[in-house]
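Contents: one structure, followed by commentary.
Position 1 is the first residue of the sequence; numbering continues from there.
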Amino acid sequence: MDATILVNRIHRLPRNAIPQTLVEPEIIFDAPVGDRKRLLAVNAAKAVEELFARGKEEGIYLCGVSGYRSYERQEELYRKKLREQPQGSETPVQLVAPPGASEHQTGLALDVSCQAVDYKLDERFGETREGLWLKRYAPLFGFILRYSKGKEHITGYGWEPWHIRYVTRSLALYLTLTGLTLEEYYEQK
């Protein structure tokens, strides 16, 4: 799958879109060995190993929480959120991506956390030493923080300081320097 692919609620992946090669990166994960959410596309796996190694050199200990997610698994999560959703609250589309609209299906996205927030996917992660380090260094390894604060109206999703997306080093640096989202980048093309 092309590392620069745009996946969102408008640009969805079909049920049968599965990365050709998924591997388990050699990083710390908050999931048991063999769990599919430990998988990433080869290029993303290599880059995240380098990113985490650099962090470790600087006393930053990151943990992978969720990588690859199949269309079917996303469908389960979405339906569960619909059932749990109180009447009149935020729409589940804003909270959980519908099937085919999750970047996790590409194998290029990884949710990351750290001990300071008990390895949870929580906005507080963005304020931790690890979260601030990740925001600064992820682009050097080809990753962007995909869902930025203040860009919710463009991405369609809330701020997720834990969600990194591999897009190649050159594109990650460009998007970071310009402040553009992947959606805005595609609008310019």
Side-chain angles (χ1 to χ4, degrees), residues 1-49 51-52 62-87 89-113 117-123 125 138 142-148 151-152 154-168 171 181-183 186:
M1 213 169 282
D2 177 11
T4 65
I5 188 171
L6 176 62
V7 177
N8 58 26
R9 284 186 278 147
I10 297 164
H11 303 277
R12 295 188 186 198
L13 296 168
R15 180 180 293 272
N16 64 352
I18 301 168
Q20 287 189 344
T21 307
L22 292 166
V23 297
E24 193 170 309
E26 292 185 28
I27 61 170
I28 295 171
F29 252 101
D30 186 34
V33 173
D35 191 317
R36 290 177 58 110
K37 68 182 178 179
R38 291 176 67 117
L39 299 175
L40 289 174
V42 174
N43 48 0
K46 183 177 187 253
V48 85
E49 287 173 352
L51 174 68
F52 277 39
L62 298 168
C63 177
V65 175
S66 184
Y68 173 72
R69 192 177 305 144
S70 69
Y71 183 100
E72 291 75 19
R73 177 66 179 139
Q74 190 67 32
E75 194 169 41
E76 289 171 20
L77 294 172
Y78 188 74
R79 286 186 179 166
K80 180 180 180 203
K81 187 54 89 176
L82 279 175
R83 287 191 302 272
E84 294 172 352
Q85 192 87 23
Q87 287 291 82
S89 63
E90 198 173 1
T91 63
V93 168
Q94 293 169 321
L95 300 171
V96 175
S102 172
E103 294 189 319
H104 289 278
Q105 189 179 341
T106 66
L108 299 168
L110 178 65
D111 292 334
V112 177
S113 194
V117 291
D118 298 320
Y119 304 105
K120 299 212 181 332
L121 301 179
D122 187 306
E123 287 184 2
F125 174 74
F143 292 94
I144 57 172
L145 296 183
R146 181 66 173 91
Y147 305 116
S148 305
K151 298 279 188 162
E152 297 88 342
I154 297 168
T155 64
Y157 296 101
W159 180 46
E160 293 187 0
W162 61 82
H163 181 97
I164 60 174
R165 162 67 196 280
Y166 182 77
V167 294
T168 72
L171 183 55
T181 64
L182 203 50
E183 284 80 4
Y186 269 90

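- Applying the salt bridge (Lys or Arg N to Asp or Glu O under 4.0 Å) rule to Glu183 yields the partners Arg146; only residues at least two apart in sequence or on another chain are considered.
- For the atom pair OG1 of Thr155 and CG of Leu182, the computed distance is 10.5 Å after rounding to the nearest 0.5 Å.
- Environment of NZ in Lys46: sparse, with no more than 12 heavy atoms of neighbouring residues, nucleotides or ligands closer than 6.0 Å.
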Item to check | Verdict with supporting geometry, Leu110 and Phe29, side chain to side chain contact (heavy atoms under 4.5 Å, CB included) | outcome: CA-CA 11 Å; Leu110 178 65; Phe29 252 101; 3.8 Å; yes
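- Considering SG of Cys63 and CZ of Phe52, their distance stands at 7.0 Å, rounded to 0.5 Å.
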For residues 30-38, which side-chain N or O atoms pair as donor and acceptor with protein atoms under 3.5 Å away, sequence neighbours left out?
from	atom 1	to	atom 2	distance (Å)
Asp35	OD1	Lys37	N	3.0
Arg38	NE	Glu24	OE2	2.8
Arg38	NH1	Ala31	O	2.5
Arg38	NH2	Glu24	OE2	3.0

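- Asp111 places none of its side-chain heavy atoms less than 4.5 Å from the side chain of Phe125.
- The distance from the CZ atom of Arg15 to the CD atom of Gln74 is 12.0 Å, given to the nearest 0.5 Å.
- For Glu152, the side-chain hydrogen bond (donor to acceptor under 3.5 Å, both in side chains) criterion is met by no residue, not counting sequence neighbours.
- Rounding to the nearest 0.5 Å gives a distance of 10.5 Å between CG of Asn8 and OH of Tyr186.
- Under a 3.5 Å cut-off, the side chain of Glu49 and the backbone N or O of Pro25 do not form any donor-acceptor pair.
- Taking Tyr147 as the reference, Tyr157, His163 meet the ring-ring contact (aromatic ring centres under 6.0 Å, His included) condition, with sequence neighbours excluded.
- Atoms OG and CG, from Ser113 and Asp118 in turn, are 8.0 Å apart once rounded to the nearest 0.5 Å.
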Next on the checklist: Set out, in order, the CA-CA distance, both residues' side-chain angles and the distance that settles side chain to side chain contact (heavy atoms under 4.5 Å, CB included) for Leu77 and Arg69, then state yes or no.
Outcome noted: CA-CA 10 Å; Leu77 294 172; Arg69 192 177 305 144; 3.5 Å; yes
Item to check | Worked check of side chain to side chain contact (heavy atoms under 4.5 Å, CB included) between Ile27 and Leu51 | outcome: CA-CA 10 Å; Ile27 61 170; Leu51 174 68; over 6 Å; no
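- Considering only residues two or more places apart in sequence or on other chains, Gln20 meets the side-chain hydrogen bond (donor to acceptor under 3.5 Å, both in side chains) condition with none of them.
- The two residues Ala44 and Gly107 have their closest heavy-atom pair at CB-O, 3.8 Å.
- Here Glu76 pairs with Arg73 under the side chain to side chain contact (heavy atoms under 4.5 Å, CB included) rule; sequence neighbours left out.
- Evaluation of the ring-ring contact (aromatic ring centres under 6.0 Å, His included) rule for Phe143 yields Tyr166 as partners, not counting sequence neighbours.
- Judged as a side chain to side chain contact (heavy atoms under 4.5 Å, CB included), and not counting sequence neighbours, the contacts of Leu145 are Leu134, Lys135, Ile164.
- Taking the side-chain hydrogen bond (donor to acceptor under 3.5 Å, both in side chains) definition, one finds that Ser70 meets it with nothing, sequence neighbours left out.
- By the salt bridge (Lys or Arg N to Asp or Glu O under 4.0 Å) test, Lys120 pairs with no residue at all, sequence neighbours left out.
- Ile5 pairs by the side chain to side chain contact (heavy atoms under 4.5 Å, CB included) definition with Met1, Val7, Leu13, Thr106, Leu108, Arg165, not counting sequence neighbours.
- Taking the side chain as every heavy atom from C-beta outward, Tyr71 and Pro99 approach each other to under 4.5 Å.
- Distance check, rounded to the nearest 0.5 Å: CG of Leu6 to CZ of Arg12 gives 12.5 Å.
- Considering only residues two or more places apart in sequence or on other chains, Val23 meets the side chain to side chain contact (heavy atoms under 4.5 Å, CB included) condition with Thr21, Val42, Ala45.
- Looking at heavy atoms from C-beta onward, Pro98 lies in side-chain contact with Arg9 at the 4.5 angstrom threshold.
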Checklist entry - Between Tyr68 and Ile18, does a side chain to side chain contact (heavy atoms under 4.5 Å, CB included) hold up when you go through it step by step? => result CA-CA 10 Å; Tyr68 173 72; Ile18 301 168; 3.8 Å; yes
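- Residue-environment remark: CZ (Arg79) stays at or below the threshold of 12 foreign heavy atoms within 6.0 Å.
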